[in-house]
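Quick note: numbers below take in every heavy atom, side chains included, and nothing from hydrogens, waters or symmetry partners. If you read the sequence from its start, that first residue is 1, and numbering goes on from there.
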Amino acid sequence: MPDDPLTSFVRTVVGSGAPMLVLSPHLDDAVLSCGALLGWAGRRAPVTIATLFTEAAPPPYTLCARHYLKRTGTEDAEELFAARRAEDRHVLELLDVGSRHIGLVDGLFRRLPRPRAGTERLARLLPELAHVYPTYRLHLARGRVSERDADTLRAVGETVETLLPARSGGLVLAPLGVGGHADHVLVRTAAELSGRRVVYYSDFPYNQHAVADPAFTGRHRLVARDWERGLDRKAELVRGYRTQADTLFPEGRIPCVPEVYLLPAADPEPAASALATSGPARRAATGARRGVRSAGGVS
């Protein structure tokens with residue numbers, strides 16, 4: 001039985017020996033959205049997962065950050081993130097892939113590079129005044145990157161440049177940003193601007209309740225493809241993120257659904273061959289099927 005277009009594309013990329021860089025906004029996103037594919041590709045090609053937002057910050061916390069900490073059963077964000085980094089290292093070792101924790105601050109805890117004029121003292125009582133994204137629903141989950149987050153966007157772009165130089169001819173897997181979490185959209189934007197060949201993954205589990213940004217998928221003419229190999233092992237991997245699993249799946253059941261990747265509308269096999277033979281290919285453009293909505297306060 002012939003391979004489906006996505007499997008054929010992945011086989012071509014993997015067979016070329018080209019490196020694959022997976023951009024994971026948070027300490028679980030790559031496995032949540034790509035765990036099955038990574039389990040297959042990690043045994044066959046050089047795969048590196050770069051997790052961008054791997055740090056919290058000391059108090060005072062915003063109200064939405066305090067709600068998030070309460071839901072995870074902890075009061076200290078830095079202790080929580082230390083535990084999350086340890087979970088991530090353990091799970092990714094099981095997948096036999098390389099990993100890098102980049103050390104940027106999670107959007108829930110990211111402070112302004114410079115305080116707003118006249119707010120320094122008041123911000124001690126109202127921490128929202130000192131944060132890039134003061135609230136979750138009105139700011140962090142609006143599907144927009146704050147203009148005050150330019151330094152963070154630049155840092156993510158530099159990460160891509162360092163880990164996947166243009167001459168490598170490699171492939172970037174980046175989040176589609178379903179659900180509109182600013183960290184996911186920021187990483188998507190950095191991938192889009194990188195000049196690398198990009199395949200976008202639909203953010204799970206948020207894509208079970210929300211849809212992708214039609215302006216983005218339409219602009220790039222993205223086509224959704226399902227990946228179903230290795231799904232039987234994925235729930236076990238996701239449960240390895242013990243600090244997050246109960247919050248993400250409060251009923252205890254992790255849905256076994258295909259992973260969704262968005263490829264250029266053009267025939268993927270010639271595109272993958274071009275990737276392997278001539279360095280970074282022209283940027284993909286595709287049309288999407290499903291999208292995301294970030295769970296309240298959970299990154």
Side-chain angles (χ1 to χ4, degrees), residues 1-16 18-25 29-30 32-34 36-38 40-41 45 47 143-145 157 160 164 166 168-180 184-204 206-231 257-293:
M1 181 176 179
D3 286 336
D4 62 89
L6 176 59
T7 300
S8 179
F9 174 83
V10 173
R11 282 191 190 280
T12 303
V13 173
V14 167
S16 75
M20 185 183 298
L21 177 63
V22 183
L23 300 179
S24 181
D29 285 320
L32 282 166
S33 299
C34 310
L37 185 147
L38 294 176
W40 187 88
V47 177
R144 303 173 187 170
V145 177
V160 176
L164 195 73
S168 72
L171 175 72
V172 172
L173 263 63
L176 184 58
V178 180
H184 288 234
V185 176
L186 188 150
V187 173
R188 183 190 75 187
T189 303
E192 180 186 15
L193 297 175
S194 70
R196 306 308 191 268
R197 171 73 172 180
V198 182
V199 169
Y200 297 94
Y201 59 81
S202 184
D203 316 54
F204 177 81
Y206 317 117
N207 58 7
Q208 301 302 293
H209 311 288
V211 296
D213 175 4
F216 181 83
T217 57
R219 183 168 73 248
H220 292 285
R221 300 177 54 245
L222 296 174
V223 174
R225 305 286 188 185
D226 287 352
W227 179 271
E228 299 185 11
R229 294 171 180 264
L231 289 172
V257 296
E259 295 174 352
V260 181
Y261 297 88
L262 290 95
L263 298 164
D267 183 3
E269 286 197 69
S273 299
L275 170 69
T277 58
S278 62
R282 61 189 177 280
R283 201 169 296 148
T286 3
R289 188 188 56 159
R290 293 193 291 220
V292 194
R293 171 180 153 259

*Taking C-beta and beyond as the side chain, do Thr217 and Leu262 meet within less than 4.5 Å on heavy atoms?*
yes
*Does the side chain of Arg225 reach to within under 4.5 Å of the side chain of Val10, using non-hydrogen atoms?*
no
_Tell me the closest heavy-atom pair linking Leu6 and Asp226, and the distance in Å._
CD2-O, 3.5 Å
_Could you report the tightest heavy-atom contact between Ala30 and Ser24, atom names first, then the distance?_
N-OG, 3.0 Å
*Would you say the side chain of Val199 lies within less than 4.5 Å of the side chain of Leu171, judging by non-hydrogen atoms?*
yes
*Work out which heavy atom in Trp227 is nearest to a heavy atom in Thr7; give both atom names and the distance.*
CZ3-OG1, 3.8 Å
*Please report the closest heavy-atom contact between Leu176 and Ser202, naming both atoms and the distance.*
CB-CA, 4.3 Å
*asked:* Checking side-chain polar atoms at under 3.5 Å, does Tyr206 have a donor or acceptor matched by the opposite partner on Gln208?
replied: no
*Could you tell me whether Arg219 and Glu192 make a salt bridge, using a distance below 4.0 angstrom between a side-chain N and a carboxylate O?*
yes
*Hey, would you say the Phe216 and Tyr200 ring centroids sit under 6.0 Å apart?*
yes
*Output yes when a side-chain donor or acceptor of Ser8 lies under 3.5 Å from a complementary backbone atom of Asp4, and no otherwise.*
no
*Non-hydrogen side-chain atoms of Leu164 and Pro19 separated by less than 4.5 Å*: yes
*Which heavy atom of Leu23 sits nearest a heavy atom of Tyr201, and at what distance?*
O-OH, 2.6 Å
*Output the distance between atom CG (Leu37) and atom CE (Met20), rounded to the nearest 0.5 Å.*
6.0 Å
*Minimum-distance pair of heavy atoms, taken over all atoms of Leu231 and Ala36*: CD2-CB, 3.8 Å
*Got a second to check how far Arg144's CZ is from Thr189's OG1, nearest 0.5 Å?*
13.0 Å
*Worked verdict on Cys34 versus Phe204 for side-chain contact (heavy atoms from CB on, under 4.5 Å)*: CA-CA 9 Å; Cys34 310; Phe204 177 81; over 6 Å; no
*Among side-chain atoms of Asp203 and Ser33, is any donor-acceptor pair under 3.5 angstrom?*
no
